[in-house]
Q: 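Submitted below is the structure of interest, expressed as structure tokens.
Side-chain atoms are counted along with the backbone in the values below, which use heavy atoms only and exclude waters and symmetry mates. Keep in mind the model is a prediction, meaning the values are calculated, not measured.
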Amino acid sequence: GVSVETLEDKMGLCGSHTASLVFENVRVPASAMLSGRAKGFPIAMMALDGGRIGIGSQASGIATRAYEEAVNALKERDIDQDEQFALADMKMRLEAMKELTLRAAWLKKTKQPFSHAASIAKAFSSENAWWICNKAVEVIGEDALRFDHPANRMLRASRVTMIYEGTSEVQRIVISRGALR
């Protein structure tokens with residue numbers, strides 16, 4: 001009764017397959033339930049919060065690769081002050097992304113409230129991954145416009161991190177609610 005529909009052809013993260021699952025006449029025994037009836041929402045929210053830490057980490061990894069590509073390209077030529085500043089800005093954002101994500105992970109690991117920190121890490125990291133990847137393509141130049149260039153691939157891969165596990169707008173709602181508590 002369980003089948004997989006056709007794999008999606010995506011803009012980025014092509015190494016991670018995405019498909020819809022179809023369930024027809026599938027029965028799940030009560031013993032397989034994670035909690036009591038109508039108690040799934042808190043479990044789903046906890047999974048989302050934890051996933052947001054993972055997305056912050058994923059965005060940091062994607063941005064790191066784009067940054068490294070930019071550094072390597074700029075080592076091959078004389079660079080101007082704008083390019084120096086671009087590298088510095090990329091590095092500062094990358095370090096902040098990593099610190100925010102590690103803080104959220106530490107809160108979760110130490111069993112402290114982490115939902116607010118996870119949303120901050122996810123929103124900040126995903127938006128800055130997009131910015132860093134875009135800046136890397138800019139400073140690398142024409143080579144990075146090739147579809148198979150790593151910086152191009154990282155730019156496309158970074159985009160989805162602002163969408164799944166809750167869009168950046170959803171994260172802003174979570175963050176503002178946490179601030180107003």
Q: Sub-3.5 Å donor-acceptor pair from the side chain of T110 to the main-chain atoms of L107, do we have one?
A: yes

Q: Between K135 and E138, is there a side-chain N and carboxylate O pair less than 4.0 Å apart?
A: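 Yes, this pair counts.
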
Q: Supply the atom-to-atom distance R177 CZ to S115 OG, rounded to the nearest 0.5 angstrom.
A: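 So the gap between those two atoms works out to 10.5 Å.
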
Q: Under 3.5 Å, is there a donor-acceptor pair between the side chain of Q112 and the main chain of W106?
A: no

Q: Any chance you could lay out the side-chain contact (heavy atoms from CB on, under 4.5 Å) test for I140 and H149, step after step, and finish with the verdict?
A: CA-CA 10 Å; I140 292 167; H149 191 281; 3.9 Å; yes

Q: Given 3.5 Å as the limit, does a donor-acceptor pair link the side chain of N134 with the main chain of W130, or not?
A: no

Q: Inspect the surroundings of CG in N25 and state if more than 12 heavy atoms from other residues, nucleotides or ligands are less than 6.0 Å away.
A: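 Atom CG in N25 is not crowded, with 12 or fewer foreign heavy atoms closer than 6.0 Å.
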
Q: Using the rule that two of Ile, Leu, Val, Met, Phe, Trp, Tyr join whenever any of their side-chain heavy atoms come within less than 4.5 Å, decide whether Y164 and I175 are in one cluster.
A: no

Q: At their closest point, which heavy atom of A19 faces which heavy atom of E5, and how far apart are they?
A: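 Answer, listing the atom of A19 first, then E5: CB-O, 3.7 Å.
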
Q: So, taking the atom named CG in L94 and the one named CD in E99, what distance separates them when rounded to the nearest 0.5 Å?
A: 10.5 Å

Q: Is the count of non-hydrogen atoms from other residues, nucleotides or ligands lying under 6.0 Å from R27 atom CZ greater than 12?
A: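 It does not: R27 CZ has 12 such atoms or fewer within range.
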
Q: Distance check, rounded to the nearest 0.5 Å: E165 atom CD versus Q58 atom CD?
A: 9.5 Å

Q: Please report the shortest heavy-atom distance between Q171 and S119, naming the atom on each side.
A: OE1-OG, 2.7 Å

Q: Looking at every heavy atom in both C133 and A66, which two are closest together, and how far apart are they?
A: SG-CB, 3.7 Å

Q: What are the two closest non-hydrogen atoms of M90 and I132, and how far apart are they?
A: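 Minimum heavy-atom separation between M90 and I132: O-CD1, 3.6 Å.
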
Q: Is there a side-chain contact between S126 and S158 in this structure, where contact means two heavy atoms from C-beta onward sitting under 4.5 Å apart?
A: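 A side-chain contact is absent here, since even the closest heavy-atom pair is not under 4.5 Å.
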
Q: Does the S176 side chain pair with the main chain of I173, one donor and one acceptor, at a distance under 3.5 Å?
A: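 Indeed, once roles are kept as given, a pair shorter than 3.5 Å links the two residues.
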
Q: Could you check whether any side-chain N or O of S57 sits under 3.5 Å from a backbone N or O of I53, counting only pairs where one atom can act as donor and the other as acceptor?
A: no

Q: Are any non-hydrogen side-chain atoms of R77 and I79 less than 4.5 angstrom apart?
A: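 Yes - at least one pair of side-chain heavy atoms lies under 4.5 Å apart.
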
Q: Counting distance only, does the side-chain N/O of N128 pair as donor-acceptor with the main-chain N or O of F124 below 3.5 Å?
A: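 Side chain of N128 to backbone of F124: a pair is present.
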
Q: Would you check if M46 and F114 make a side-chain contact, meaning some heavy-atom pair closer than 4.5 Å?
A: yes

Q: In the single-linkage hydrophobic clustering (I, L, V, M, F, W, Y; side-chain heavy atoms under 4.5 Å), do Y67 and F85 co-cluster?
A: no

Q: Holding to salt bridge (charged side-chain N to carboxylate O under 4.0 Å, His left out), I want the full list of residues that pass it with E69, two or more places apart in sequence or in another chain.
A: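 By the salt bridge (charged side-chain N to carboxylate O under 4.0 Å, His left out) rule, E69 matches R65.
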
Q: Taking all non-hydrogen atoms of both residues into account, name the closest pair between S125 and A59 and its distance.
A: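 Heavy-atom minimum between the residues: O-CB, 3.6 Å.
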
Q: Run the salt-bridge test on K122 and E127 with the 4.0 Å N-O cut-off and return the result as yes or no.
A: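 Between E127 and K122 there is no salt bridge, as every charged N stays at least 4.0 Å from the carboxylate O atoms.
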
Q: Looking only at atom types and distance, does a side-chain atom of H116 sit under 3.5 Å from a main-chain N or O of G178, one as donor and one as acceptor?
A: no

Q: Please answer: with hydrophobic residues joined when any side-chain heavy atoms are less than 4.5 Å apart, are I62 and I55 in the same cluster?
A: yes

Q: Given the rule that I, L, V, M, F, W and Y join up when any side-chain heavy atoms are under 4.5 Å apart, are V137 and V71 in one cluster?
A: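 Different hydrophobic clusters.
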
Q: Is there a path of hydrophobic side-chain contacts, each under 4.5 Å between heavy atoms, that joins V2 and V4?
A: yes

Q: Do the non-hydrogen side-chain atoms of M162 and T167 ever get within less than 4.5 Å of each other?
A: no

Q: Can you name the nearest heavy-atom pair linking L87 to A70, along with the distance?
A: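 Result for this residue pair: CD2-CB, 4.3 Å.
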
Q: Assess R156 against F147: is NZ or CZ under 6.0 Å from the centre of the six-membered ring, and within 45 degrees of the ring's axis?
A: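 Yes, a cation-pi geometry.
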
Q: Let me confirm one number: the CD-OG1 distance from E95 to T64, rounded to the nearest 0.5 Å.
A: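 Between E95 CD and T64 OG1, I get 8.0 Å after rounding to 0.5 Å.
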
